[in-house]
Visitor: 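I'd like to ask some things about the structure below.
Keep in mind the model is a prediction, meaning the values are calculated, not measured. Letters A, B, ... are given to chains in the order of the sequence lines, protein chains preceding strands, and every chain is numbered from 1.
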Amino acid sequence: MAAERELPTHFSPAELEAPLYQSWIERNYFSADANSQKAPFCIVIPPPNVTGSLHIGHALDHTLQDTLTRRRRMQGYEALWLPGMDHAGIATQNVVEKQLTQQQPPKSRHDLGREEFVKKVWEWKAESGGAILGQMKRLGDSVDWSRERFTMDEGLSRAVLTIFKRLYEKELIYRAERIINWCPRCLTALSDIEVEHSDDAGEFVQVRYGDDQLNITVATTRPETMLGDGAVAVHPDDERYKHMIGKEVLLPLVNRMIPIIADELVEPEFGTGAVKVTAAHDPNDFEMGRRHNVPMIVIMNEHGIMEGTGTEFDGMDRFDARKAVVERLREMGRVVSEKRPYVHAVGHCSRCDTTVEPRLSMQWFVKVAPLAKAAGDAVRNGLVKIEPAELAPRYFEWVDNMHDWCISRQLWWGHRIPVWYGPNGEVLVVGPDEKAPTGAGWEQDPDVLDTWFSSALWPFSTLGWPDESGDLAKFYPTSVLVTGYDILFFWVARMMIFGLFAMDGTPPFHTIALHGLVRDKFGKKMSKSRGNTIDPLEFMDKYGADALRFSLARGANPGTDQALAEEWVAGSRNFATKLWNASRFALLNGATSARPLPEKSALTAIDNWILSRLHQTIKEADNYFEGFEFAKACDAIYHFAWDDFCDWYLELAKSSFAQGGAQAENAQAVIGHVLDNLLRILHPVMPFITEALWTRLTGGESLVIAAWPEADESRIDERTNAAMEEVKSLITEVRRFRNDQGVKSSAPIPGRFNGIDKSALAPYEKAIRSVLRITDPAENFTVSGSIVAGSINCEFDLSGTVDVAAERARLEKDLATAEKDRETARVKLDNADFMAKAPEKVVTTIKARLEETDRDIARITEQLKKLPG
RNA sequence: GGGUGGUUAGCUCAGCGGUAGAGCGCCUCGCUUACACCGAGGAUGUCGGGGGUUCGAAACCCUCACCGCCCA
């Protein structure tokens, strides 16, 4: 009997985890049923990129989502965690294009043609895409694989067409020629959020325009764009330049006359107070250009090569041209000053880091203002809750200031824009079930939509929208969106916008739970260049998925970053090992969850104490989980399991087992009950080891489908808790004494606990003696050492010399502490203002503290007097 | 430049009005039959500086300094 329940002496997570996950999949535990009567709980995964692999940020994000989902599943909800990926337009196209260039002979996508190229991308996806999905299994993600979605799937593509047409009909999508962010390497437009600004060392050059009659000095960080200047602008109130407004100056190098215009956008204090206006290559200049009819002169091609300026610079790369232009101006004596390096913010393509070029071009845009207003209001009106609430201002800041969203991309991989242009200038938007025009001269827009356009539909497109599917009815709106605050803007706002629009004002989720970033050991941001990245797979190999998950969850304070180090993960593995060994001990001693838990009156005080703490911990941890306080929930469980259960209860229970009989049987039931519940409440965070231990302990089918523990208030007993605190301090005092006296903890010594029989600690004496190895006094008992712990006077027969000096030092130290404590209390109580104004409860506490310290001081003084010498 | 978060033990962080906490690290003991991935004991902080509010401030207000993030 005992033999078959025995655990292997060693715990090896790596062997344990994969088969368990496999068994869960085989038993279909993660598949949600849209027809069930259970209340729905749904999380859609923030779709990872199809080219990506699991990084530590995913590991955190997924750990939290899995914890929430597993808990709800155990609570009896119809829990759906829906997995999938997005098609990552630029990134994926880049990957496949790179493959093509590495072929012999190297090819470009243009060699293949659009259709063939897209086919290649699908082939790539089938072969190498979605590596992250397998890694999610290793982490233990309890996602419903039968519902896995991809943004390029047919159903999701229908959703894209549907929303595009609806938005277009409401005039919330429009096409216009604007300055957009252009990546000269990816050869596509980018939205604002795909541009990353960094402080780069550039240059700041002042150039004199004009001639002897009239000249003006402009300042610029981009001298090469002067070839496309259409004007010089000054502030209308700038006395230095007022007389020049309306006149024309000579633009050097191109030898064109350009007007001097007045515009309030110009900051007189900045540079020389005069700026060049290159309306086709700068967003601010574009605005000014529109106001003042400045010609939009395009001087670069899509690759960022100078073109059409009619100067010697044509054909040069923009950065070479910058040098060359300044060089020529210098020769002409037109450079007034040069500052180099001049550090200023420069935009880079978030996919390839190429410096972004503002470019005038025809693109499709979403008119954001009315949609974003609704997205902001949903949170303002409490329809959607942001957790933690402190981060809501960041959300508002974003949605309230959102610019129109450029959604067209000059790519081939993605949802092609469903717009046909007719021979006579017709523009036709084709919905999902409509036929595209076929006549001569009709052509579809060549561009595709921004990946985020389809990701923004994720919370309902994955559930079957635009069809009125059962999934949609059951699971929309979803329960909670879990994501890092760093992408609050990237797509949370966009999902809100589209969700509210498509679903007639029903937001895509009730709650947005935000977590922070995982940083390195020293709190520094992880980056490839710093070389401080952590590979979650490596840590899972070494310490197990449970250990990684526990570390991440335990560090997850709402909305704040967390540091992670290998030592912390090792510590979590140690915790898992602790659980393993405790369970091993439990099983070896016949612990069982099969027997009903005896009534309080039948149990020892220590049994009742651990049950009290267990139910307290269940209550606490459950509340924390409910409030997305993962760190606090884990901490509560950790300390209960390790400190209360392993270090105190199991040690004390050894005396019950030694005793045998009913007391031992009760301990078996208590341990069984505690472990059963502990493993349940820990399961969402550490699914593997809890499952392995629980099935062995209880013989149950699986923790995945087991019931979530509920706190039994009747077992919580503050009096027992308090008494046990006294027991603990008594034991600690004696241990300190033994330690100070150099007595080995394994050596039994005879001792007396005077007065214990009449104290509240009487029921604990046996256990105390056992754990401390204090034997009953023998006939020739001679007191050679004594201490007072709490209300108990303890006397020991050390049958030999006592280290009086050590004892005196200890007592004097304790005395000093007690006296200091008494002084603080005394000062308060002597303060008339305190007595008059402090609440009754506080005064009582301080009074009690004073009495306690008085007693301590008296006792210690007495002890010191008794010391020989 | 505009927002916004932070500054608590050697490190990373909780605590956010009533005697300073955790994990890791550190020191001393210890192979006591679950566990050395362990046990027992211990040390460690004028809670960034300066003002203020309060009987009482790490916590609330003001101010300065220094980090960080987001957006320009």
Visitor: What nucleotide, of rG23(B), rA34(B), rU32(B), holds the atom closest to the side chain of Lys578(A)?
Guide: rA34(B)
Visitor: Taking Arg822(A) as the fixed residue, which of Asp854(A), Asp856(A), Asp830(A) is the one that meets the salt bridge (Lys or Arg N to Asp or Glu O under 4.0 Å) rule?
Guide: Asp854(A)
Visitor: From the options rU12(B), rC24(B), rA40(B), select the nucleotide whose nearest atom is closest to the side chain of Arg735(A).
Guide: rA40(B)
Visitor: Assign Arg736(A) to base, sugar-phosphate, or nothing according to its heavy-atom contacts below 4.0 angstrom with the strands shown.
Guide: sugar-phosphate
Visitor: Should the pair Glu733(A)-Arg736(A) be classified as a salt bridge under the 4.0 Å nitrogen-to-oxygen rule?
Guide: yes
Visitor: Would you mind telling me which residue lines up with the more 5' stretch of RNA chain B, Pro839(A) or Ile731(A), judged by nearest nucleotide?
Guide: Pro839(A)
Visitor: Can you measure Lys654(A) atom NZ to rC35(B) atom P for me and round it to whole angstrom units?
Guide: 8 Å
Visitor: Among rC69(B), rU12(B), rC37(B), which is the nearest nucleotide to the side chain of Ala563(A)?
Guide: rU12(B)
Visitor: Across the strands shown, which category fits Asp821(A) at heavy-atom distances under 4.0 angstrom: base, sugar-phosphate, nothing?
Guide: base
Visitor: Is there a donor and acceptor pair, one atom on the side chain of Glu629(A) and one on the base of rA14(B), closer than 3.5 Å?
Guide: no
Visitor: With a non-hydrogen cut-off below 4.0 angstrom, is Lys841(A) in contact with a base, only sugar-phosphate, or nothing?
Guide: nothing
Visitor: Are any of the side-chain nitrogens in Asp486(A) or Lys525(A) under 4.0 Å away from the carboxylate oxygens of its partner?
Guide: no
Visitor: Return the nucleotide paired to rU19(B): Watson-Crick means purine N1 to pyrimidine N3 with N6-O4 or O6-N4, wobble means G-U with N1-O2 and O6-N3, both under 3.5 Å.
Guide: none
Visitor: For Lys632(A) and Asn574(A), find the nucleotide of RNA chain B closest to each by heavy atoms; which residue's nucleotide sits nearer the 5' end?
Guide: Lys632(A)
Visitor: Contact class for Asn557(A) vs. all strands (heavy atom < 4.0 Å): base, sugar-phosphate, or nothing?
Guide: sugar-phosphate
Visitor: Nearest to the side chain of Trp568(A) - rG30(B), rG2(B), rU12(B)?
Guide: rU12(B)
Visitor: If you take atom types as modelled and just measure distance, does the side chain of Lys521(A) reach the base of rC11(B) with a donor-acceptor pair under 3.5 Å?
Guide: no
Visitor: Under 4.0 angstrom, heavy atoms only, what part of the nucleic acid is Glu651(A) near: base, sugar-phosphate, or nothing?
Guide: base
Visitor: Check whether more than 12 heavy atoms from other residues, nucleotides or ligands sit under 6.0 Å from atom NZ of Lys728(A), and answer yes or no.
Guide: yes
Visitor: Can you tell me which nucleotide in rG30(B), rA34(B), rG42(B) comes closest to the side chain of Lys813(A)?
Guide: rG42(B)
Visitor: Which whole number of Å gives the distance between the P atom of rG45(B) and that of rG5(B)?
Guide: 32 Å
Visitor: Atom CD of Glu819(A) and atom CD of Glu812(A): how far apart are they, to the nearest 0.5 Å?
Guide: 10.5 Å
Visitor: Using 0.5 Å steps for rounding, measure from the CD1 atom of Ile860(A) to the CZ atom of Arg810(A).
Guide: 10.5 Å
Visitor: Tell whether Arg394(A) reaches the base of rC70(B) with its side chain through a donor-acceptor pair below 3.5 angstrom.
Guide: no
Visitor: Using the P atom in both, what is the distance from rG42(B) to rG21(B), to the nearest Å?
Guide: 14 Å
Visitor: For Pro748(A), which contact category applies under a 4.0 Å heavy-atom criterion: base, sugar-phosphate, or nothing?
Guide: nothing
Visitor: Hey, does Thr845(A) reach any base, or is it just sugar-phosphate, or nothing, if we go heavy atoms under 4.0 Å?
Guide: nothing
Visitor: Assign Thr824(A) to base, sugar-phosphate, or nothing according to its heavy-atom contacts below 4.0 angstrom with the strands shown.
Guide: nothing
Visitor: Rounding to an integer number of angstrom, what distance separates rU54(B) and rU44(B) when you compare their P atoms?
Guide: 35 Å
Visitor: Looking for any heavy atom pair under 4.0 Å, which part of the strands does Ser583(A) touch: base, sugar-phosphate only, or nothing?
Guide: nothing
Visitor: Under 4.0 Å, counting only non-hydrogen atoms across every strand here, what does Arg554(A) touch: a base, just sugar-phosphate, or nothing?
Guide: sugar-phosphate
Visitor: What's the gap between rG10(B) and rC62(B) when it is taken at their C1' atoms, as a whole Å value?
Guide: 33 Å
Visitor: Is there a donor-acceptor pair closer than 3.5 Å between any side-chain N or O of Arg773(A) and the backbone N or O of Ala747(A)?
Guide: no
Visitor: Choosing from rC55(B), rC37(B), rC35(B), which nucleotide comes nearest the side chain of Asn581(A)?
Guide: rC35(B)
Visitor: Quick one: label Lys744(A) by what it contacts on the DNA or RNA (base, sugar-phosphate, nothing), any heavy atom closer than 4.0 Å.
Guide: sugar-phosphate
Visitor: Look at the side chain of Thr577(A) and decide which nucleotide, out of rG18(B), rG3(B), rC37(B), has an atom nearest to it.
Guide: rC37(B)
Visitor: Assign Phe522(A) to base, sugar-phosphate, or nothing according to its heavy-atom contacts below 4.0 angstrom with the strands shown.
Guide: sugar-phosphate
Visitor: At under 4.0 Å between heavy atoms, what does Asp647(A) touch on the DNA or RNA strands: base, sugar-phosphate, or nothing?
Guide: sugar-phosphate
